[in-house]
Amino acid sequence: MAVQFYNTLSQQAEEFSPARDNTVRMYTCGPTVYDFAHIGNFRTFTFVDLLRKWLRASGFHLDHVMNITDVDDKIIRNAAAHRKTLEEYTAIYTRAFLEDCDKLRLERPEHLVPATSHINDMVEAIERLGAADHTYKSDGSVYFRISSFAGYGKLSHNDFSGNIAGARVDVDSYDKADARDFALWKAPKEGERFWDTPIGPGRPGWHIECSVMAIKYLGETLDIHAGGVDLIFPHHENEIAQSESLTGKPFARFWLHAEFLLVEGQKMSKSLGNYFTLRDVLDRGYKPETVRYLLASVPYRKSLNFTFDGLKSAETAIERLRNFKLRLESDRFPEGATEAVTRRTAQACRAFTDGMNADLNTAEALGAIFEYIRDANSAMDSGGFGAGDVPGALELLALFDRVFAVIEPTAATGQVSDEEVEARIAERTAAKKARDFARADDVRKQLLDQGIILEDTKAGVRWKRK
RNA sequence: GGCGCGGUAGCCAAGUGGUAAGGCCAAGGUCUGCAAAACCUUUAUUCGUCGGUUCGAUUCCGACCCGCGCCUCCA
């Protein structure tokens with residue numbers, strides 16, 4: 001089975017392959033850098049990362065663009081409030097965003113592009129739209145005329161045919177011909193940062209940056225365009241209107257949208273006190289990979305209820321994965337491989353792949369892995385798991401972790417060295433041999449206080465970091 | 001009101017026209033100097049409600065109830 005994605009445009013699952021050669025050209029909406037990103041943002045960015053990783057695991061190459069929105073109303077307002085220039089202000093939050101991404105093991109897109117580096121491209125596009133009569137000017141701003149684009153509404157499945165241009169809806173502060181028309185270019189208000197351009201002084205509207213940068217780096221038709229569901233309307237609808245008016249070609253073949261994240265069953269909001277940035281969560285002592293696991297474990301098209309119980313559950317689940325890997329690496333197994341295990345490993349690999357191929361059904365994929373782990377552990381306990389079965393099992397875990405990326409622990413700072421741990425273990429083993437269990441337990445307790453867990457097995461002592 | 005997503009065990013969650021994956025939690029057991037890890041057993045006669053289609057529906061259809069999102073730049 002090939003990989004399938006649910007396409008918002010067609011409202012059904014479709015088999016995916018890139019239009020040209022073996023490279024997936026995709027564009028995903030990035031952050032607006034006016035503050036630290038919150039875990040809801042990272043739900044979407046984690047989805048995008050899973051998408052990247054699974055596409056690559058499926059044998060495709062990637063050419064992926066993500067924008068950094070570094071000019072908008074909130075940025076201008078916040079920068080002014082902090083008495084910083086736009087550039088100073090956005091640099092802080094861009095850096096913070098990238099640090100957070102690194103912690104969550106989110107890969108960098110091939111192109112990470114700030115809007116303000118593409119002002120000329122945007123102005124040029126707006127001029128071309130104007131030449132094709134898709135725009136009009138009003139009070140120094142340039143608007144896109146929605147009535148000039150026949151397909152408006154096809155992504156959000158809204159029917160705008162009843163909206164007659166010029167019908168007066170509440171448009172008080174804007175002088176627009178139609179309430180749905182949107183700004184391509186905004187005239188500067190008093191004291192605002194602006195660019196002097198052939199279409200007048202001002203700054204770009206939000207939607208135009210995505211169209212322009214996507215087309216510039218990836219061509220006129222993208223294979224995939226992705227983002228959060230809240231962007232379907234109006235953002236992505238507007239992108240389609242602009243892009244297709246410019247090129248006359250479909251803007252994107254597949255539109256993928258990640259559902260919302262709730263916190264403790266409620267919408268995240270500052271007033272409810274359930275608003276968390278990634279930093280807030282990590283400050284409570286959770287590991288980044290735990291957050292990643294939780295965000296990845298619920299399929300992206302289902303809303304995700306983020307809870308601290310859920311984080312604890314994720315922590316334990318990761319432990320189980322790590323323990324299994326440790327056992328594969330440290331136990332002694334009988335010579336050779338067994339046919340039953342070989343078959344079981346191949347089956348698990350297929351089940352995992354089928355799950356991911358089914359529109360990134362991570363819950364199903366995880367189920368396949370955990371079922372396998374139980375069966376493999378069981379086989380080990382009964383001596384039915386051979387040394388020759390180890391590589392296949394490790395490969396399966398590697399496949400899993402190429403996508404989920406949660407098994408390797410985040411290194412803690414100032415931890416005890418491996419050598420020191422080994423020395424203490426030797427000390428304890430000697431004490432055990434002398435049946436001085438009090439002394440042996442003492443060593444184990446001391447190591448535990450330093451974050452080292454010892455486990456006695458038939459093959460000897462094995463240890464891991466907490 | 002329009003458009004969209006969802007309601008499955010204590011929590012998270014997969015899934016199919018034929019009788020409910022997986023993870024966490026809980027209880028009991030096996031193993032163990034102890035501990036840990038691991039395994040085994042138990043935990044939804046039931047899948048929001050009410051109708052309909054069917055030999056049979058959680059899965060299809062209809063109505064309704066509830067939650068969430070978008071509908072003037074929020075992932």
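Just so we're on the same page: letters track the sequence lines, and every chain starts at 1.
- Residues that satisfy the side chain to side chain donor-acceptor pair (under 3.5 Å) test with T116(A), not counting sequence neighbours, are D70(A).
- Among the atoms of the strands shown, base atoms are found under 4.0 Å from some heavy atom of H38(A).
- One finds a salt bridge joining D73(A) and R203(A) here, because a Lys/Arg side-chain nitrogen approaches an Asp/Glu carboxylate oxygen to under 4.0 Å.
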All N/O contacts under 3.5 Å from nucleotides 14-17 of chain B to the protein, with atom names and distances to one decimal?
unit_1, atom_1, unit_2, atom_2, d
A14(B), OP2, K302(A), NZ, 2.7
A14(B), O3', N361(A), ND2, 2.8
G15(B), OP1, N361(A), ND2, 2.7

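- Atoms CG (D309(A)) and C1' (C24(B)) sit 9 Å apart, rounded to a whole Å.
- Between R279(A) and E99(A) there is a salt bridge, since a side-chain N of the basic residue sits under 4.0 Å from a carboxylate O of the acidic one.
- Only F437(A), D441(A), R444(A), listed by number, bring a heavy atom of residues 437-450 of chain A to less than 4.0 angstrom from any atom of RNA chain B.
- Between the side chain of K186(A) and the base of C73(B), at least one donor-acceptor pair of N or O atoms lies under 3.5 Å.
- Within 4.0 Å (heavy atoms only), G310(A) reaches no atom of the nucleic acid at all.
- For the C1' atom pair drawn from G56(B) and A63(B), the interatomic distance equals 23 Å after rounding to whole Å.
- In summary, K154(A) and E237(A) do not engage in a salt bridge, as defined by a charged side-chain N under 4.0 Å from a carboxylate O.
- Proximity of K74(A) to the phosphate of C74(B): a side-chain N or O atom is located under 4.0 Å from OP1 or OP2.
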**Asked** ring-ring contact (aromatic ring centres under 6.0 Å, His included) between F42(A) and F306(A): does it pass, once the steps are laid out?
**Response** CA-CA 12 Å; F42(A) 283 114; F306(A) 185 95; over 10 Å; no

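- Two residues are said to be in side-chain contact when any heavy atoms from C-beta on lie closer than 4.5 Å; R193(A) and P188(A) fail this criterion.
- What separates CZ of F370(A) from C1' of C25(B) is a distance of 15 Å, to the nearest Å.
- For Y6(A), there are no ring-ring contact (aromatic ring centres under 6.0 Å, His included) partners two or more places apart in sequence or in a different chain.
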Using a cut-off of under 3.5 Å, enumerate the N/O to N/O pairs linking the protein to nucleotides 36-42 of chain B.
unit_1, atom_1, unit_2, atom_2, d
A36(B), O2', E455(A), OE2, 3.1
A37(B), O3', N323(A), ND2, 3.3
A37(B), O2', R462(A), NH2, 3.3
A38(B), O3', N377(A), ND2, 3.1
A38(B), O2', R327(A), NH1, 3.4
A38(B), O2', D381(A), OD1, 3.3
A38(B), O2', D381(A), OD2, 2.6
C39(B), OP1, R320(A), NH2, 3.1
C39(B), OP1, N377(A), ND2, 3.4
C39(B), OP2, R320(A), NH1, 3.2
C39(B), O4', D381(A), OD2, 2.9

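- When rounded to the nearest whole Å, the span between CG of L262(A) and C1' of C66(B) equals 14 Å.
- Residue pairs meeting the side-chain hydrogen bond (donor to acceptor under 3.5 Å, both in side chains) criterion with at least one member in residues 359-376 of chain A, sequence neighbours excluded, are Y300(A)-D359(A), R301(A)-D359(A), R344(A)-D375(A), T345(A)-Y372(A), N361(A)-E364(A).
- Going from atom NZ of K154(A) over to atom P of C71(B) covers 21 Å, rounded to whole Å.
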Are there any protein N/O atoms within less than 3.5 Å of an N/O atom in nucleotides 57-59 of chain B, and if so, which ones and at what distance?
none

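- Of the listed nucleotides (C25(B), C74(B), A21(B)), C74(B) has the atom at the smallest distance from the side chain of N41(A).
- If you take CZ of F182(A) and P of U72(B), they are 14 Å apart, rounded to a whole angstrom.
- Distance, D359(A) CG to C5(B) P: 12 Å, rounded to whole Å.
- The side chain of S313(A) lies closest to G23(B), out of C12(B), G23(B), C70(B).
- Contacts of residues 6-14 of chain A with RNA chain B (heavy atom under 4.0 Å): Y6(A), Q11(A).
- Nearest-nucleotide positions on RNA chain B place E259(A) closer to the 5' end than the other of E259(A) and G30(A).
- Residue H157(A) is classed as a sugar-phosphate contact, given heavy-atom separations below 4.0 Å to backbone atoms only.
- Distance noted for atom P between A13(B) and U41(B): 26 Å (whole Å).
- By the 4.5 Å heavy-atom criterion applied to side chains, D181(A) and Y136(A) are counted as neighbours.
- Between U43(B) and G23(B), the distance separating the two C1' atoms is 15 Å to the nearest Å.
- Near RNA chain B, meaning a heavy atom under 4.0 Å from it, residues 427-434 of chain A has R428(A), K432(A) in order of number.
- Spacing of C1' atoms, A9(B) relative to G33(B), comes out at 39 Å, to the nearest Å.
- In this structure, L231(A) reaches the sugar-phosphate backbone alone: every heavy-atom distance under 4.0 Å involves primed, P, OP1 or OP2 atoms, never a base.
- Contacts of Y34(A) classified as ring-ring contact (aromatic ring centres under 6.0 Å, His included), with partners at least two apart in sequence or in another chain: none.
- Side-chain atoms of R43(A) come within 3.5 Å of backbone atoms of E259(A) as a donor-acceptor pair (strictly under, hydrogens ignored).
- Using the six-membered ring where Trp is involved, F400(A) and F352(A) have ring planes that are perpendicular, over 60° apart on the 30 and 60° scheme.
- Heavy-atom neighbours of K287(A) NZ from other residues, nucleotides or ligands within 6.0 Å: at or below the threshold of 12.
- Contact check for L326(A) versus R322(A): no side-chain heavy atoms found under the 4.5 Å cut-off.
- Applying the salt bridge (Lys or Arg N to Asp or Glu O under 4.0 Å) rule to D436(A) yields no partners; only residues at least two apart in sequence or on another chain are considered.
- Residue I369(A) is out of contact with every strand shown, counting any heavy-atom pair closer than 4.0 Å.
- Listed by chain and residue number, Y217(A) satisfy the ring-ring contact (aromatic ring centres under 6.0 Å, His included) test with H111(A) (two or more places apart in sequence, or in another chain).
- Using a 4.5 Å heavy-atom cutoff, the side chains of H64(A) and E107(A) are not in contact.
- Between Y27(A) and H225(A), the two ring planes are tilted [angle within 30° to 60°].
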